[in-house]
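Structure first, then comments.
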Amino acid sequence: MGVFTVLTRCIVQPLSVVDDELVPKIGMTFTTLEDAGKFYRNYAKAAGFSTRVRCTNRKGNEIKNQLITCSREEKWKSKISPTKKTNPTAGVNCPARIYIHTLKDVGAWIISKVVLDHSHPCCPSKVEMLKQHRKLSMSIRRTIENNDEAGIRPSKTYQSFVAAAGGHRELNFIEKDVRNYITREVRNVSEQEDAKEFGKYFLRMKEKNPNFFFELELEEDQSIKLAFWADARSRAAFEYFGDVISFDTTYNTNRYNLVCGSFVGVNHHGQSTLLGCSLMKNEEIESFKWLFQCWLRCMGGNAPKGFFTDQYASMKRALEAYLYEDRHIWVPIYLDHHFWAGMRSTQRSESMHSFFNKYITRNSSLIQFVKQYDNCLGSGEQAERESDAADFHTVIPCATKSSIEAQFQDAYTHAKFREVQAQFRGKANCIIRLKNSTLGYSVYEVVEQVSSSIFNKFAVTYDSVAAEVKCQCLLFESRGILCRHALSVLSFEQVSQVSPRYILERWSKKVKRRHTHIKGSHDEPLMEARSKRFDQLVFRSQNICEFASESEELTTILHRAYDNTMAEMEALKAKRKGTSSLSHEDANLESVNELQSPPRIRTRGRPKNKLGSKLEKQIENATKKKKTKVLSELMCECYIQINLFDAASAAHSNCSQYQGHVINYQFRVPAAGDNSLGV
């Protein structure tokens, strides 16, 4: 197939009306090359086109001249027939350009050539759609970063910008720019860096709180096979809520297809609480054994009384010998005889996974995953804090005159007291019949009407001596809440106070729990120095703006102060433009991180001078003059110098091995031994 070429005839298009001060002219001078380029970009924006640097000529380190053209300057050539390739192209051989070169004596830059005509129409009203003129300000970028950290989707983030600006036309960027920034800047983590950042995250959390627990199982090539972690708050919460645990797995949470598993308990408000998280390369028996044993070590070797999980054969086999026999895990008839804190399946774990799946995809990195896990932990912690505050500051009124209801009102959290009240309301549907009574031990039949034609019967026993009541429905035994059948019998027996055994500390709002004083692990974002300064300035300016917005006079004062401050900062920036210095007196990690490498110099051939050339010349001269004595002395000098050089090199090498406390993370993403790393 022959070469297919499109040549565009240069038809001069009329210029858009642009303020004369913005139009480039021959002879215009600028302090720096950057200022000249900025001037031409501003003109392009006003005229309705975009620019690009066509070529830059250098002499050594210094730039001598630069050609800036319209972005549609290039010709379009394709070796593929247009019937096979129909992608749009911008190149139309546009002649518009400016040529800038340096003035040696003055140290300034001058425009020496200008072509204003274009071979295509320019439209200022559409210029905001051109990539060069679409900008994400510092404020916009920080909002995008924070929203992505919080799990807010890019489309929602963009719509919030549209709403704040008053419409799409008021923004100088499009939704694609938001998505590109997230993909290229926020989430741009390579596979090897991802594994390292994953390991660094654990070390940062461990440094924040020594009770943070993590353990990694690595393959022979140091890739991650198994991972488990639990923060200090979760470990402390296990003391109170570790009696019943739900464990389940989910998929498509990361780009490496690692299976996510979560350990979930129930707190005193009946809310789900995370008690550990895991990532597994596979679901083999050995993987689950490693995981469950690791989790038990994390929790001090204390196994839960009840353990819910789905019925994968590998899980069942991994659980045998140190938790329950299979029938105590799977058969429903056994479940009611044990306390399950209101859990009947792995639904608790599944609800946690649904949270993950909202914000994490199969393309997510490991560091993204742990950040969203942090968000999940934070949400659970905040929900518990809010519920604790509501229990402390408010009271739910009793629905009846029963003193037993008042007992539970005083002791239980709002969520659990509402469950008790539901049972008190259910008493209205119950009819009691005394079957027999001997020496204070009575047997009742409670008939409950569940619909217009359906009645259920329950046997309830009451021991007045032991103050003990038991119902066939086993609601108290499985959920820790007295059922309506038992409450009906207690009411019939005119019992005013229930035994303390029926008021569980598990649901009490009066217990001081240790984990509530521990702050959950949340990784602070690793921001560059400028972002930190920006956030600090925005935080301080919010109070000033709120105060100034009270009246027009105050607003005018603040605008005047802004103008004066801006002028002062621009003057200082212009004064310092060019060079800066850094000494040991004011240097810190932040300033060192901002250092840039000098421009790379490309050379041709071998360098003119090399190490030892002077010494070689002396030896050569001595040889020519046949002065044996001098030659031997020079050779001795050479030997001494070389030995000194080697010694200095060795000393430098030994010195450079210790540069503070540097850790080289060799974690890699999964790919097939057995090494482990854990704390």
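For the single chain, residues carry numbers from 1 onward in sequence order.
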For [X] and [Y], which heavy atoms make the closest approach, and how far apart are they?
X	Y	value
Val370	Phe198	CG1-CE1, 3.4 Å
Lys416	His269	CE-C, 4.5 Å
Val264	Ser272	CG1-CB, 3.8 Å
Ala96	Tyr40	C-OH, 4.0 Å
Ile182	Pro154	CD1-CG, 3.7 Å
Thr516	Arg233	CA-NH2, 4.2 Å

Is there a side-chain contact between [X] and [Y] in this structure, where contact means two heavy atoms from C-beta onward sitting under 4.5 Å apart?
X	Y	answer
Thr413	Ser387	no
Tyr373	Leu274	yes
Val538	Ser139	no
Phe39	Ile100	no
Ile63	Trp109	yes

Notebook entry, point to check: Under the salt bridge (Lys or Arg N to Asp or Glu O under 4.0 Å) test, which residues partner Lys59, sequence neighbours left out?
Noted result: none

Item checked: salt bridge (Lys or Arg N to Asp or Glu O under 4.0 Å) partners of Asp388, counting only residues at least two apart ->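 For Asp388 there are no salt bridge (Lys or Arg N to Asp or Glu O under 4.0 Å) partners, ignoring immediate neighbours.
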
Is it true that, when you exclude [X] itself, more than 12 heavy atoms of the residues, nucleotides or ligands shown sit nearer than 6.0 Å to its [atom1]?
X	atom1	value
Arg52	CZ	yes
Lys509	NZ	yes
Lys156	NZ	no
Lys126	NZ	no
Glu207	CD	no
Arg54	CZ	no

Next item on the list: Give a yes or no answer on whether the side chain of Asp177 reaches the backbone of Ile174 with a donor-acceptor pair at less than 3.5 Å.
Entry: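 Yes.
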
Margin query: Quick one: does any side-chain atom of Ser119 pair with a main-chain N or O of Val92 as donor and acceptor, under 3.5 Å?
Written below: yes

Roughly how far, to the nearest 0.5 Å, is [atom2] of [Y] from [atom1] of [X]?
X	Y	atom1	atom2	answer
Asn57	Lys64	CG	NZ	11.0 Å
Arg72	Cys122	CZ	SG	8.5 Å
Tyr43	Glu21	OH	CD	14.5 Å
Asp194	Phe369	CG	CZ	12.0 Å
Ser50	Met129	OG	CE	14.0 Å
Phe49	His118	CZ	NE2	4.0 Å

Checklist line | Ring center gap for Phe241 and His268 short of 6.0 angstrom | finding: yes

Item checked: Close aromatic pair by centroid cut-off 6.0 Å: Phe173 and Phe161 -> yes

Next item on the list: Please collect all ring pair (Phe, Tyr, Trp, His ring centres under 6.0 Å) contacts where either partner lies in residues 123-158, sequence neighbours excluded, each pair once.
Entry: Tyr158-His168

Margin query: Could you work out, with side-chain contact (heavy atoms from CB on, under 4.5 Å) as the rule, every residue matching Ala165, not counting sequence neighbours?
Written below: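 Testing Ala165 for side-chain contact (heavy atoms from CB on, under 4.5 Å), a comparison that skips the adjacent residues, returns Glu170, Leu171.
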
Margin query: Could you work out, with side-chain contact (heavy atoms from CB on, under 4.5 Å) as the rule, every residue matching Thr394, not counting sequence neighbours?
Written below: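 For Thr394, the residues satisfying side-chain contact (heavy atoms from CB on, under 4.5 Å) (neighbours in sequence not counted) are Ala390, His414.
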
Margin query: I'd like to know whether Ser71 forms a side-chain hydrogen bond (donor to acceptor under 3.5 Å, both in side chains) with Gln132, so could you lay out the CA-CA distance, the side-chain angles of the two residues, the decisive distance to 0.1 Å, and finally the verdict.
Written below: CA-CA 10 Å; Ser71 60; Gln132 184 183 60; over 6 Å; no

Next item on the list: Give the C-alpha distance, both sets of side-chain angles, the deciding distance and a yes or no for side chain to side chain contact (heavy atoms under 4.5 Å, CB included) between Asn209 and Asp231.
Entry: CA-CA 8 Å; Asn209 193 319; Asp231 72 332; over 6 Å; no

Only pairs under 3.5 Å count here: list side-chain donor-acceptor contacts from residues 552-562, not counting sequence neighbours, and write none if there are none.
{"unit_1": "Thr555", "atom_1": "OG1", "unit_2": "Ala548", "atom_2": "O", "d": "2.9"}
{"unit_1": "Thr555", "atom_1": "OG1", "unit_2": "Ser551", "atom_2": "O", "d": "2.8"}
{"unit_1": "Thr556", "atom_1": "OG1", "unit_2": "Glu552", "atom_2": "O", "d": "2.8"}

Next item on the list: Hey, can you tell me if Phe202 and Trp229 have their rings parallel, tilted or perpendicular (30° and 60° cut-offs)?
Entry: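 Rings of Phe202 and Trp229: tilted, as their planes differ by 30° to 60°.
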
Next item on the list: Please work out whether the ring planes of His101 and Tyr99 are parallel, tilted or perpendicular, with thresholds of 30° and 60°.
Entry: tilted

Next item on the list: Could you give me the CA-CA distance, side-chain angles and deciding distance for Leu366 and Ile224, then say whether side chain to side chain contact (heavy atoms under 4.5 Å, CB included) is met?
Entry: CA-CA 11 Å; Leu366 295 178; Ile224 297 171; 4.0 Å; yes

Next item on the list: Step by step, work out the side chain to side chain contact (heavy atoms under 4.5 Å, CB included) result for Leu67 and Arg97.
Entry: CA-CA 7 Å; Leu67 175 63; Arg97 64 193 60 206; 3.9 Å; yes

Notebook entry, point to check: Yes or no on side chain to side chain contact (heavy atoms under 4.5 Å, CB included) for Tyr412 and Ile396, after CA distance, side-chain angles and deciding distance?
Noted result: CA-CA 10 Å; Tyr412 276 12; Ile396 296 178; over 6 Å; no

Next item on the list: Given salt bridge (Lys or Arg N to Asp or Glu O under 4.0 Å), test Arg513 with Glu384 step by step and report yes or no.
Entry: CA-CA 12 Å; Arg513 296 175 174 87; Glu384 184 175 324; over 6 Å; no

Check: Should Asp20 and Lys25 be marked as a salt bridge (Lys or Arg N to Asp or Glu O under 4.0 Å) after you check the CA-CA gap, both sets of side-chain angles, and the distance that decides it?
Finding: CA-CA 10 Å; Asp20 188 63; Lys25 302 177 183 67; 3.5 Å; yes

Margin query: With side-chain hydrogen bond (donor to acceptor under 3.5 Å, both in side chains) as the criterion, how do Gln382 and Glu386 come out once you've worked through the C-alpha distance, each side chain's angles and the decisive distance to 0.1 Å?
Written below: CA-CA 6 Å; Gln382 182 62 17; Glu386 291 176 4; 3.1 Å; yes

